[in-house]
Amino acid sequence: VIVQKGNVVYFDGLISKESFTTLSNFPHPDKIESISINSMGGDVEAALDIADWMWENHINITIRTVCASAVLCNRHTVYGDIYSGSSHYD
């Protein structure tokens, strides 16, 4: 489930090519400040695509419960800083 509420996108579920397509088709990604994620992982290539899309659009990540995608979390460690619950770009 992927839902936008204001400037936050809430992502619950497995990471897939379909979830990347849904995220990348959101209108006005420049108005999205963060993605709040709860995911047990999923497709590695899709996670890389999502991480790249987030980086290109300066979108932060907040981990609500679990982010089992080492690729998504590690990609953001390279791009920004993951804190206990959130990431931001300097």
Side-chain angles (χ1 to χ4, degrees):
V1 178
I2 302 173
V3 177
Q4 183 173 359
K5 293 183 182 178
N7 59 4
V8 177
V9 172
Y10 293 89
F11 183 112
D12 290 282
L14 294 177
I15 295 169
S16 65
K17 295 200 182 299
E18 291 80 16
S19 57
F20 167 68
T21 300
T22 299
L23 287 171
S24 64
N25 285 325
F26 268 106
H28 310 291
D30 57 317
K31 298 198 186 299
I32 299 171
E33 288 187 17
S34 68
I35 293 181
S36 178
I37 191 166
N38 178 29
S39 176
M40 291 301 295
D43 183 270
V44 172
E45 287 183 38
L48 287 168
D49 290 341
I50 291 169
D52 288 341
W53 176 80
M54 290 174 68
W55 171 250
E56 291 165 5
N57 290 287
H58 307 284
I59 298 171
N60 299 316
I61 187 168
T62 301
I63 302 165
R64 274 182 287 124
T65 306
V66 65
C67 180
S69 173
V71 173
L72 183 59
C73 293
N74 284 336
R75 180 62 64 103
H76 276 279
T77 301
V78 172
Y79 291 157
D81 297 316
I82 288 189
Y83 296 99
S84 202
S86 67
S87 171
H88 74 279
Y89 299 96
D90 296 323

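The model shown is predicted, which means the values in this text are computed figures rather than measured ones.
Residues in residues 18-31 take part in no salt bridge (Lys or Arg N to Asp or Glu O under 4.0 Å) pair, two or more places apart or across chains.
Rounding to the nearest 0.5 angstrom, the gap separating the OG atom in S16 from the CG atom in D49 is 11.0 Å. Note: F20 CZ to T22 OG1 = 10.5 Å, rounded to the nearest 0.5 Å. Atom CE of M54 is separated from atom OG of S34 by 8.0 Å, given to the nearest 0.5 angstrom.
Considering only heavy atoms from C-beta on, T62 stays 4.5 Å or farther from I37 through its side chain. L23 is listed as a side-chain neighbour of I35, based on a closest heavy-atom distance under 4.5 Å.
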Ignoring hydrogens and angles, write down the donor-acceptor pairs under 3.5 Å from the side chains of residues 2-13, residues two or more places apart or on other chains.
residue, atom, partner, partner atom, Å
Q4, NE2, G6, O, 3.0
N7, ND2, E33, OE1, 3.3
N7, ND2, E33, OE2, 2.9
D12, OD1, N38, ND2, 3.3
D12, OD1, R64, NH1, 3.2
D12, OD1, R64, NH2, 3.2
D12, OD2, R64, NH2, 3.2

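The heavy-atom pair separating I15 from A47 by the smallest distance is CG2-N, 3.6 Å. Considering all non-hydrogen atoms of both residues, W53 and P29 come closest at CZ2-CB, 3.9 Å.
In this structure T21 satisfies the side chain to side chain contact (heavy atoms under 4.5 Å, CB included) test together with N25, sequence neighbours excluded. Checked against side chain to side chain donor-acceptor pair (under 3.5 Å), E45 has no partners two or more places apart in sequence or in another chain.
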I50 and S19: CA distance, side-chain angles, deciding distance, side-chain contact (heavy atoms from CB on, under 4.5 Å) verdict: CA-CA 9 Å; I50 291 169; S19 57; 4.0 Å; yes
